[in-house]
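See below for the structure under consideration.
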Amino acid sequence: MEKPALPKGTRDFGPAEMAKRQFILTTIRTIFQKYGFQPLETPAMENLNTLEGKYGEEGSKLIYKIRSNKSLRARLSGEKIDALNSIYKFWLPQKSELGLRYDLTIPFARYVVMNRHEITLPFKRYQVQPVWRADRPQKGRYREFYQCDADVVGTDSLICEAEIILMIKEVMHKLNINKYSVKINHRGILNGIAEVIAAVGREGELFVAIDKLDKIGEPGVRKELIEKGFTSTQLDSLFALIGTKGNNREKLTALKTTFASSTTGLKGVHELTEVFDLLNHYRADDNHVEFDIALARGLSYYTGCIFEVKINDVAIGSVSGGGRYDNLTQAFGSKEQLSGVGISFGIDRLYDAMEELKLFPKETLSSSKVLVCHFDEATRAYALGLVTQLRAAGINSEIYPDVSKLKKQLDYANKKMIAFCLVVGEEEMKSGELTIKNMESGEQEKLTITTIIHKLTH
RNA sequence: GUGAAUGUAGCUCAGUUGGUUAGAGCACCAGAUUGUGGUUCUGGGGGUCGCGGGUUCGAGUCCCGUCUUUCACCCCA
């Protein structure tokens with residue numbers, strides 16, 4: 001007998017994990033809906049050409065490809081395939097036509113292009129589904145994980161950016177995460193930097209390196225860029241720029257003069273300034289929001305604001321990221337230029353961080369509110385009617401299915417963190433005065449089912 | 001994809017320079033208590049030492065391979 005195992009980088013989620021995961025998911029969903037986003041789901045698999053060429057060179061390697069067995073079988077009999085496979089394993093045309101979803105943004109763009117006629121712009125959708133990456137797993141990095149995306153397409157308004165920040169703040173607040181920062185930057189600012197330090201055309205290398213600033217520090221970034229052939233004059237002006245001091249507003253003001261000759265740099269400054277202005281109009285503050293000149297983010301399709309959310313005191317990557325992309329739908333042949341902006345939460349990382357910081361509320365774990373206990377077949381039969389009444393009143397309840405000792409039933413309630421036990425014996429059955437026991441305090445009293453229901457629902 | 005560590009009961013870990021029948025705590029099950037749990041006491045079940053090969057009279061311990069998990073790089077949620 002073979003021992004069962006999970007594929008590398010995948011996990012099962014038992015009831016305890018699911019309770020916590022759903023706490024995160026419903027929190028995020030509720031907030032997305034509150035801001036006017038509507039749900040969308042797309043298939044786990046896409047045609048490979050939908051996925052290919054969208055995630056850069058590194059990303060392409062990480063797409064899970066699904067081999068089509070049909071095309072081979074159509075041509076050869078099973079026997080021949082086996083024979084050929086054993087000899088020419090690598091030569092057979094292993095036609096790969098499908099791939100697993102790598103993120104939720106590209107499938108969304110595909111959906112928008114395919115359904116353009118029935119979509120009213122601006123279109124706001126959210127999507128909560130697993131994605132797959134053929135990456136090597138490590139802490140906070142899995143091969144199958146969930147993303148929660150909210151995107152708006154069809155408007156350039158920076159109100160969207162501001163609302164993204166508001167949603168992030170609200171999600172973090174509802175999840176009891178207090179120590180975190182929403183980093184924000186703008187591709188225009190990054191491009192402006194490239195212009196100012198005379199590195200136009202080499203933005204890729206430059207951005208990848210400076211994105212690592214908080215990880216490897218200035219010396220590390222310098223070293224990497226020197227190796228790539230940047231001059232120390234360029235690097236000096238680069239770090240003078242990145243090292244701009246002050247709060248968000250002060251940094252923006254300082255950059256305005258730096259970018260006097262860079263239109264793209266100025267555009268970045270103006271847009272970020274407007275985002276901060278909008279936050280004020282929403283009567284929100286910019287606590288936790290940090291304009292980070294060195295924030296770059298990998299995905300090459302971003303063109304405007306970019307976001308990233310990090311939780312303090314946990315050694316886990318970012319729990320959320322996003323930004324504005326101006327021409328995503330053009331990759332699918334759309335002539336119309338649609339601008340989009342979105343945010344993605346990685347709930348697996350949120351989970352890991354919250355677990356580490358012990359932020360899950362206790363109630364998350366309990367399932368039923370009431371366990372109905374009994375002593376024999378007669379009381380059990382009578383108790384069934386009580387369960388129905390409890391459930392009809394909207395109280396999550398269950399009955400212990402076997403006739404067994406009360407001790408065992410109370411034990412069960414303890415393990416499932418059920419708050420109340422309704423004990424139904426012969427006496428209770430006759431009088432209709434039922435024993436309700438509070439499992440935390442140990443107190444118990446005798447009440448009728450109607451008063452019990454009243455107490456539990458008010 | 002590159003480099004490096006790890007693996008002993010459900011969990012956390014002991015296991016002496018290779019030497020009899022591999023241990024502990026927690027968890028689990030049963031009883032003390034045939035209508036009262038989360039405390040206590042008593043007893044019990046559970047391990048092909050990740051898997052496969054090798055060295056040896058003898059391997060949990062040494063060697064090789066493989067898988068898993070983890071860490072760094074790469075990249076990212």
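Note on naming: letters A, B, ... go to the chains in the order of the sequence lines (proteins, then strands), and numbering restarts at 1 for each one.
Within the shown strands, nothing qualifies as a pairing partner of G35(B) under the Watson-Crick or G-U definition with both distances less than 3.5 Å. Nucleotide C57(B): paired with G19(B) (Watson-Crick or G-U wobble, both distances less than 3.5 Å). With a cut-off of 3.5 Å on both Watson-Crick or G-U wobble distances, the partner of A5(B) is given as U69(B).
Contact check, Lys405(A) against G31(B): a side-chain N or O comes under 4.0 Å of OP1 or OP2. OP1 or OP2 of C29(B) has at least one side-chain nitrogen or oxygen of Lys415(A) nearer than 4.0 Å. At the phosphate of U36(B), neither OP1 nor OP2 sits under 4.0 Å from any side-chain N or O atom of Lys437(A). For Lys407(A) and U34(B), the shortest distance from a side-chain N or O to OP1 or OP2 is not below 4.0 Å. For C74(B), one of the phosphate oxygens OP1 or OP2 lies less than 4.0 angstrom from a side-chain nitrogen or oxygen of Lys212(A). The phosphate of A30(B) has OP1 or OP2 within less than 4.0 Å of a side-chain N or O from Lys408(A).
The separation of G15(B) from A77(B), taken at their C1' atoms, amounts to 41 Å, rounded to a whole angstrom. Comparing G46(B) with A24(B), their C1' atoms sit 15 Å apart, to the nearest whole Å. Using C1' as the reference atom, C41(B) and G52(B) are 47 Å apart when rounded to the nearest Å. Comparing the C1' positions of G45(B) and A30(B) gives an interatomic distance of 10 Å, to the nearest angstrom. Comparing the same atom, C1', in U17(B) and in A27(B) gives a spacing of 36 Å after rounding to whole Å. Atom C1' of A59(B) sits at a distance of 16 Å from the matching atom of C51(B), rounded to the whole Å. One P atom belongs to G50(B), the other to G10(B), and the distance between them is 13 Å to the nearest Å. Rounded to the nearest Å, the gap between the P atom of G23(B) and that of A9(B) is 14 Å.
The base of G37(B) sits with one of its N or O atoms less than 3.5 Å from a complementary donor or acceptor on the side chain of Asn414(A). Side-chain to base pairing of Arg133(A) with C76(B): no donor and acceptor N or O lie closer than 3.5 Å to each other. Side-chain atoms of Arg141(A) stay outside donor-acceptor range of the base of C71(B), with no qualifying N/O pair under 3.5 Å. For Gln444(A) against G37(B), no side-chain N or O and base N or O form a donor-acceptor pair under 3.5 Å.
Gly140(A) comes within contact range of at least one nucleobase, with a heavy-atom separation under 4.0 Å. In this structure, Gly59(A) reaches neither bases nor backbone, as no heavy-atom distance under 4.0 Å exists between it and the strands shown. Among the atoms of the strands shown, base atoms are found under 4.0 Å from some heavy atom of Gly425(A). At a threshold of 4.0 angstrom between heavy atoms, the contacts of Gly9(A) are confined to the sugar-phosphate backbone, with no base atom among them. Contacts of Gln409(A) with the nucleic acid, taken as non-hydrogen atoms under 4.0 Å apart, are absent. Within the 4.0 angstrom heavy-atom criterion, base atoms lie near Val423(A). Residue contacts for Tyr142(A): at a heavy-atom cut-off of 4.0 Å it reaches a base atom on one of the strands shown. The residue Glu428(A) sits close to a base: some heavy atom pair falls under 4.0 Å.
With distances taken from any side-chain atom of Lys139(A) to the nucleotides C71(B), G37(B), A77(B), the minimum falls on C71(B). Distance from the side chain of Lys215(A) is smallest to C75(B) among G35(B), A77(B), C75(B). Nearest nucleotide to the Glu224(A) side chain, out of C76(B), C74(B), C73(B): C74(B). Among G37(B), C74(B), A77(B), the nucleotide with an atom closest to any side-chain atom of Met439(A) is G37(B). Closest to the Asp411(A) side chain, of the nucleotides G37(B), C74(B), A77(B), is G37(B).
Nucleotides of RNA chain B nearest to Thr10(A) and Gly321(A) differ in position, and the one nearer the 5' end is that of Thr10(A). Judged by closest nucleotide on RNA chain B, Leu6(A) is the one of Leu6(A) and Gln138(A) placed further toward the 5' end.
Rounded to an integer number of Å, the gap from Arg11(A) CZ to U69(B) C1' is 13 Å. Separating the CD atom of Gln127(A) from the C1' atom of A77(B) is a distance of 15 Å, rounded to the nearest angstrom. Atom-to-atom, CG of Asp135(A) to P of C73(B) comes out at 13 Å; the value is rounded to the nearest Å. Per the geometry, CD belonging to Glu427(A) stands 13 Å off P belonging to U36(B), to the nearest Å. Note: CG (Asp211(A)) to P (C74(B)) measures 11 Å, nearest angstrom. The distance between atom OH of Tyr400(A) and atom P of U36(B), rounded to the nearest whole Å, is 16 Å. The CZ atom of Arg136(A) sits 7 Å away from the C1' atom of G1(B) (whole-angstrom rounding). Look at NZ on Lys228(A): it is 9 Å from P on C74(B), rounded to the nearest Å.
Note on ring orientation: taking the six-membered ring where Trp is involved, the planes of Phe360(A) and Phe23(A) are perpendicular (angle over 60°, cut-offs 30° and 60°). Relative orientation of the Phe37(A) and Phe32(A) rings is tilted, given thresholds of 30° and 60° on the angle between their planes.
Using a distance-only test at 3.5 Å, with no hydrogens or angles considered, no donor-acceptor pair links the side chain of Asp211(A) to the main chain of Phe207(A). Formation of a donor-acceptor pair under 3.5 Å by the Thr50(A) side chain with backbone atoms of Glu46(A) is not found in this model.
Side chains of Asp103(A) and Tyr55(A): a donor on one and an acceptor on the other come within 3.5 Å. No side-chain donor from either of Glu426(A) and Thr379(A) sits under 3.5 Å from a side-chain acceptor of the other.
When each of Leu350(A), Ile184(A), Ile168(A) is paired with Val309(A), the side chain to side chain contact (heavy atoms under 4.5 Å, CB included) condition holds for Ile168(A) and for no other.
Taking all atoms of both residues into account, the shortest heavy-atom contact from Gly188(A) to Thr264(A) is O-OG1, 3.2 Å.
The aromatic ring of Phe145(A) sits over the base of A77(B), with ring centres less than 5.5 Å apart and planes inclined by under 30°.
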ring-ring contact (aromatic ring centres under 6.0 Å, His included) between Phe291(A) and Phe276(A), intermediate numbers included:
CA-CA 10 Å; Phe291(A) 168 38; Phe276(A) 283 111; 7.3 Å; no

